[in-house]
Amino acid sequence: MPDSVAQVLRRHIKDCGPMTLTLLWENPADDERVTVSLLFTTTRRGAINWRTFDNKSWRPAVVAAGITPTRATGMRALRHFYASSLLDAGESIKALASYLGHADPASLFGSTRT
């Protein structure tokens with residue numbers, strides 16, 4: 001990561017700090033709750049919806065960089081790049097599944113929650 005990005009992240013952490021939120025997980029009607037520490041939140045200090053982030057932040061940034069938004073430049077492609085980079089660096093499948101929010105490492109290779 002470039003030093004300039006690290007400096008901005010350090011400043012954000014100092015100014016805002018992580019926020020602990022209890023989230024509805026998978027199914028809002030379900031009683032299961034998951035508490036997580038989030039570094040980035042909405043202006044109302046809630047969890048960021050990935051679709052909103054994709055439409056309001058990621059795609060405009062891609063366009064501003066002079067790149068045509070396509071499936072290959074979307075957030076899902078970035079997620080797959082992240083996963084591939086971790087595997088290439090020697091991370092375990094079990095740890096990767098946990099990082100990506102999968103309960104079962106086998107689900108990385110299926111069509112379940114991603």
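Only this structure's heavy atoms are used, side chains among them; waters, hydrogens and symmetry mates stay out. Predicted model only: the values in this text are computed from it and were never measured.
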Of all the heavy-atom pairs spanning Met19 and Thr41, show the shortest one and how long it is. SD-CG2, 4.1 Å

Ile93 meets the side chain to side chain contact (heavy atoms under 4.5 Å, CB included) criterion, sequence neighbours left out, with Leu87, Pro105, Leu108, Phe109

For Ala95, the side chain to side chain contact (heavy atoms under 4.5 Å, CB included) test, sequence neighbours excluded, returns Glu91, Ser92, Tyr99

Within 6.0 Å of CG in Asp15, more than 12 heavy atoms from elsewhere: yes

Atom of Ala77, atom of Ala72 and distance for their closest heavy-atom approach: CB-O, 3.4 Å

Taking the side chain from His12 and the backbone from Leu39, do they hold a donor-acceptor pair closer than 3.5 Å? yes

Quick check for you: to the nearest 0.5 Å, what is the distance between Lys14 atom NZ and Arg11 atom CZ? 9.5 Å

Which distance, rounded to the nearest 0.5 Å, do you find between the NE2 of His80 and the OG of Ser85? 12.5 Å

Under 3.5 Å donor-acceptor pairs involving side-chain atoms of residues 58-67, not counting sequence neighbours:
residue, atom, partner, partner atom, Å
Trp58, NE1, Thr73, O, 2.8
Arg59, NE, Asp54, OD2, 3.2
Arg59, NH2, Asp54, OD2, 3.3

In this structure, would Leu100 and Phe81 fall into the same cluster of hydrophobic residues linked by side-chain contacts under 4.5 Å? no

Any side-chain to backbone donor/acceptor pair from Asn55 onto Arg51? Under 3.5 Å, distance only. yes

Hphob cluster co-occupancy, Met75 + Ile48, side-chain heavy atoms under 4.5 angstrom: yes

Does the side chain of Arg10 come within less than 4.5 Å of Gln7's, by heavy atoms? yes

